Amino acid sequence: MSAALDAARLRADFPILAREVNGHPLVYLDNAATTQKPRAVIDALAHYYETQNANIHRGIHALAVEATEAYEEARGKAARHIGARAEDVVFTRNATESINLVARAWGDARVGEGDEIVLTIMEHHSNIVPWQQLAGRTGARLRYAGIDAEGRLDLDSLRAAIGPRTKLVAVTHMSNVLGSVTPVAEVAAMARAAGAAVLVDGAQSAPHLPVDAPALGCDFFAFSAHKMLGPTGVGALWARPGLLAEMDPFLGGGEMIALVREEESTWAEPPNRFEAGTPNIAGVIAFGAALDYLRGVGMEAVHAHERELTARAIEALSRTGGVTLHGPRDVEARGGVVSFTLEGAHPHDVSTIVDARGVAIRAGHHCAQPLMRHLGVAATNRASFTLYNEASEIDVLVEALDEVKRIFGRVESRTAV
Ligand code: 7TS
């Protein structure tokens, strides 16, 4: 595999990968749902509770100071991961909350009746429902850009969807179903020309591609720690410098104020303005450990490794009789998420049967029901890769699919891969 990344060596850092599932070595190919955690992340959680536990930003005592420093250091790491400044990064619970924060704190004050929010048909529900709710509150309308036959964003359709009333264009950076990577810089240029802001859902890109959020030309970039080797319960939102300062808070409470009087309050400066209440301190610090780990491997190496795995998976699956692949064939235009359907077998049955061989893949609508309708399928199977996956695991998946076909009584000849 990729010279720059030794997956076999990295696997030793992930304790869970040593376990067996249903009597077989675990083949974990559900990384788009959540990734496994390296020992360094698990240790960071324990280390915090064992040696530093204190509330942050308010204590004078030593533990509080240490905990605050570790938390703020993690903010710097999250910012550096996407080429940004720490003061422009807000910690949230997940990418979903990051997007909801924008819909409330930015959208409520700026989007009005008759205004338009442009999405794409391949968005995750997290980047659809908050905008439907905003439209419900304000009387704005949603418009959708389409995709081409291979599952790439159709830029002509996006151009047609953007108009004089467009206030925001909100796009996924990488589809969690098709793997398609959105040409965000082109999208942002189109949106800017129409005077619209741009939100990028980076839940699937930040873990797998080198990202420079400011260089993308977007206003907001949302991502989740748990999809990038970090713990659950931590997400982040980056905003273009200066933008957070123009926004009112999403949640009110402790930590986010400058001064509270009986009847009214003033807000702290960002990012604290958007972090009401005690945050997931341990989780944020452990996210910092995950970011260190990714930095140690290098995002270019991660991307190159996943590109090789994706090419292999596409080739092997397209040679497997009865398999329909969804998403671009060109590995340069996509990331390591491979969705497919097996003729005559329900995706849930496929997942269940391969699980008996220790293979974890996802089945379902992947929280992208509008896309499923567009593709004309109720559900798909999905294999998704990360830095610790190996080519041999794709072979195990393909063998397990042969087993599925045997069980469904449709043994077909498959050229050896
Ligand atoms: N956006 C995209 C593109 C996603 O893939 C996901 C999660 C989210 C947003 C939401 O992330 P969260 O951390 O806030 O939940 N996607 C998936 C998935 O594909 N399978 O499980 C979760």
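One is the number of the first residue; the rest follow in order along the sequence. Treat the numbers as computed from the prediction; the structure is a model and nothing was measured. We count ligands from 1, going down the list as the structure has it; atoms in each ligand are counted the same way.
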Considering both backbone and side-chain atoms of T96, is one of its nitrogen or oxygen atoms within less than 3.5 Å of a nitrogen or oxygen in ligand 1?
yes
Between Y71 and F91, how do the two ring planes meet: parallel, tilted or perpendicular, split at 30° and 60°?
perpendicular
Salt bridge between R312 and E308, side-chain N to carboxylate O under 4.0 Å?
no
Less than 4.0 Å is my threshold; does some heavy atom of R93 fall inside it relative to ligand 1?
no
Parallel, tilted or perpendicular, as decided by the 30° and 60° cut-offs, for the rings of H365 and H125:
tilted
Could you tell me which atoms of ligand 1, counted from 1 in the order shown, lie closer than 4.0 angstrom to a heavy atom of N94?
12 (P), 13 (O), 14 (O)
Would you mind listing which atoms of ligand 1 come within a distance below 4.0 Å of any non-hydrogen atom of Q204?
3 (C), 4 (C), 5 (O), 16 (N), 19 (O)
Are any of the heavy atoms in E97 under 4.0 Å away from ligand 1?
no
Flag T172 as yes when one of its N or O atoms lies below 3.5 Å from any N or O atom of ligand 1, and as no otherwise.
no
Taking all non-hydrogen atoms of both residues, which atom of D88 and which atom of R85 are closest, and how far apart?
OD2-NE, 2.8 Å
For ligand 1, which part of K227 has a heavy atom less than 4.0 Å away: the side chain, the backbone, both, or neither?
side chain
Nearest non-hydrogen protein atom, atom 21 (O) of ligand 1:
R362 NH1, 3.0 Å
Close approach of H226 to ligand 1, heavy atoms, under 4.0 angstrom
yes
State whether the number of non-hydrogen atoms from other residues, nucleotides or ligands found under 6.0 Å of E20 atom CD is greater than 12.
yes
Are H81 and R295 close enough that some pair of their side-chain heavy atoms sits under 4.5 Å apart?
no
Are any of the N/O atoms in H366 less than 3.5 Å from those in ligand 1?
no
Does the gap between the ring centers of H326 and H374 come in under 6.0 Å?
no
Run the side-chain hydrogen bond (donor to acceptor under 3.5 Å, both in side chains) test on H124 and T172 for me, step by step, so that the C-alpha distance in whole Å, both residues' side-chain angles and the decisive distance to 0.1 Å come before the verdict.
CA-CA 8 Å; H124 186 279; T172 186; over 6 Å; no
Would you say R93 has more than 12 foreign heavy atoms packed within less than 6.0 Å of its CZ?
no
Please indicate whether any nitrogen or oxygen in R382 is less than 3.5 Å from any nitrogen or oxygen in ligand 1.
yes
Using heavy atoms and a threshold below 4.0 Å, how should the contact between A203 and ligand 1 be classified: side chain, backbone, both, or neither?
side chain
Which residue supplies the protein heavy atom nearest to atom 13 (O) of ligand 1, what is that atom called, and how far is it?
S224 OG, 2.5 Å
List the steps, then state whether side-chain hydrogen bond (donor to acceptor under 3.5 Å, both in side chains) holds for S175 with S180.
CA-CA 5 Å; S175 163; S180 334; 4.9 Å; no
Are C367 and ligand 1 in contact, using a heavy-atom cut-off of under 4.0 Å?
no
Atom 4 (C) of ligand 1: nearest protein contact (heavy atom, Å):
H124 CD2, 3.3 Å
Just to be sure I'm reading this right: ignoring hydrogens, which of V337, N176, D201 gets closest to atom 2 (C) of ligand 1? Compare them by their nearest heavy atoms.
D201
A student checking ligand 1 against S126 at a 4.0 Å heavy-atom cut-off should list atoms 8 (C), 9 (C), 10 (C)
D115 backbone acceptor or donor facing T166 side chain under 3.5 Å:
no
